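One structure below.
As the structure lists them, so they are numbered: ligands from 1, and atoms in each ligand from 1. Worth knowing before you read on, the calculation uses all heavy atoms, side chains too, and leaves out hydrogens, waters and symmetry mates. What you are looking at is a predicted structure, and each value in this text was computed from that prediction instead of being measured.
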Amino acid sequence: MAHLYRAAWLLPIARPPIPHGWVAVDRGRVIALGDADTAAPRDIRRVVDVGDAAILPGLVNAHTHLELSWMRGQVPPGVSMPAWAERLMSLRRTVSAEPPQPILDAVREVRAAGTSLVGDVTNTLATYEPLADSDLAGAIFRELLGFNAPAPADLVASVRAQLDDLTPLAWLRPSVVPHAPYSVSPDLFRAIAAVSGARPISVHLGESADELRFLKDGTGAWRDLLGALGAWSDRWVPPGCGPVEYLDRLGLVGPHLLAVHGTHFTDSDLARLAAAGSTVVTCPRSNRWTGAGTPPIESFYSSGVRVAIGTDSLASVDDLNMFAELAEVHRLAPRVTASRLLESATRSGATALGFGADYGTIEPGKLADLITVRLRGGIKDVEEYLVGGIEPDLVSWLPEP
Ligand SMILES: [Zn+2]
């Protein structure tokens, strides 16, 4: 028996907002939607009117590191990204394992702010059980670092085996991913690409000016940090090109790539990613915090590349509220329509993470993991309102009837 939900606005994302819209749900899946003039299915058991609110798909946070939640407020904003990263690494060395309670709190907070699905990067899998016990779905990116790793293929095989041992769950999909060009050797990149198949590959790319310099001539702050950490490899030859071309040479640029940050991407980087069907994930609040810079968000959109949005971790942002991230994206890219920004925070993220069949839009057959956002009086444009900064107390999950 189906239930029908009515609201002042329905935002299917797959089509324009519907005033006085409704969505019919049966056994957790959307079966139909429409406006006041559309005939609803006949066998509706109950009608729930959510009133002066918008119904939309749960949001998609395409880049976070939930295991770093214990670092909230503990790594001050940096003047440059390598300096910030050095502080993060020294703080991380003070614990032997990621404390579990902040992860549980963060998962609850993410859900309370209206997020359905995350792309969660982990070096330890400490987040797997908390996510398994939650209502959040996720692409679990088991991230590898290794600039002088002696046997990259063996390392990747052992981590793949570790992932195969996890309890298989339909809503958590683990894959092996590389960290970044300055922390992963070419052989390790190739070894990861060789096992990735059709799984999404997330990589931090084009994040800092220091990364560009490192790839150009092998010098700068990342080179110095690798030396200080004892992770430098004399075998490394600087490719002398930009980050996207570098990854393309290594075989990673394709439809499954999520290039995270792109703070320093050029138009030609973006054109190459767009042509390959890759996704750029922007996290502008984190970029400011780490000292990485300001991402060229309007160029992301004008290039035609798929754009998704993430918050990054609580080590570099005040909260994991995707509506707050959307407001910052809107502030930095005022010429990009609210409609496109909302698509980035829903459908584009779900597609990039490999969950497009179930999440990201309100369409028949998809999961009804939907939120309502209470409207304030006098709203002229519901999409503008939703990208203007929504506090979690205005957000609810569509109630079970
Ligand atoms: Zn990150």
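Atom CG in L367 sits 12.0 Å away from atom CD1 in I362 (nearest 0.5 Å).
When you scan the N, O or S atoms of H204 for the one nearest the Zn ion (ligand 1), you land on NE2.
Ring geometry, W232 versus F147: the interplanar angle falls under 30°, so the pair is classed parallel (tilted spans 30 to 60°).
Within the 2.8 Å limit, H65 places at least one N, O or S atom next to the Zn ion (ligand 1). Taking backbone and side chain together, H261 holds no N, O or S atom under 2.8 Å from the Zn ion (ligand 1).
In summary, the aromatic rings of Y182 and W222 are positioned with their centroids under 6.0 Å apart.
Y301 does not carry R340 over the face of its six-membered ring by the limits of under 6.0 Å from the centre and within 45° of the normal.
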